[in-house]
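Read the structure below first, then the notes.
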Amino acid sequence: MEKTHDLSRLWNCLDEFGSPETEAALPVCRALAQVYFTDRYPGFDLEDPDWPMFRAQAEQVMALLAAVQARLHDE
């Protein structure tokens, strides 16, 4: 099994799989991939953190996880 932290790549796998969560996952995957990049590579993090946005993104991730868990329990 291959391991990766590349959210764009993971989203592509989700899309290829035909998951109903694909559409909901795209905006949060794009946003978090950007956050990961700026956190990982110094010099790109010139702005103060937007904590309300981070909280909203965390809520989106939790909702996606709940949807995936519900589907796993149904199958």
Enumerate, atom names and distances included, each donor-acceptor pair closer than 3.5 Å involving a side-chain atom of residues 9-18, sequence neighbours excluded.
{"residue": "R9", "atom": "NH1", "partner": "E2", "partner atom": "OE2", "Å": "3.0"}
{"residue": "R9", "atom": "NH2", "partner": "E2", "partner atom": "OE1", "Å": "3.1"}
{"residue": "R9", "atom": "NH2", "partner": "E2", "partner atom": "OE2", "Å": "2.5"}
{"residue": "W11", "atom": "NE1", "partner": "T22", "partner atom": "O", "Å": "2.9"}
{"residue": "N12", "atom": "ND2", "partner": "S8", "partner atom": "O", "Å": "3.3"}

Taking every heavy atom of L64 against every heavy atom of A25, the minimum-distance pair comes out as CD1-CA, 3.6 Å
Let me have the donor-acceptor pairs involving side chains of residues 54-61, under 3.5 Å, with sequence neighbours excluded, atom names and distances please.
none

Worksheet item: What pairs with E21 under side chain to side chain donor-acceptor pair (under 3.5 Å), at least two apart in sequence or on another chain?
Response: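 Listed in chain order: S19, R71.
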Do L32 and L65 sit in the same hydrophobic cluster, where Ile, Leu, Val, Met, Phe, Trp and Tyr count as joined when their side-chain heavy atoms come under 4.5 Å apart?
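Yes; L65 is reachable from L32 via cluster members.
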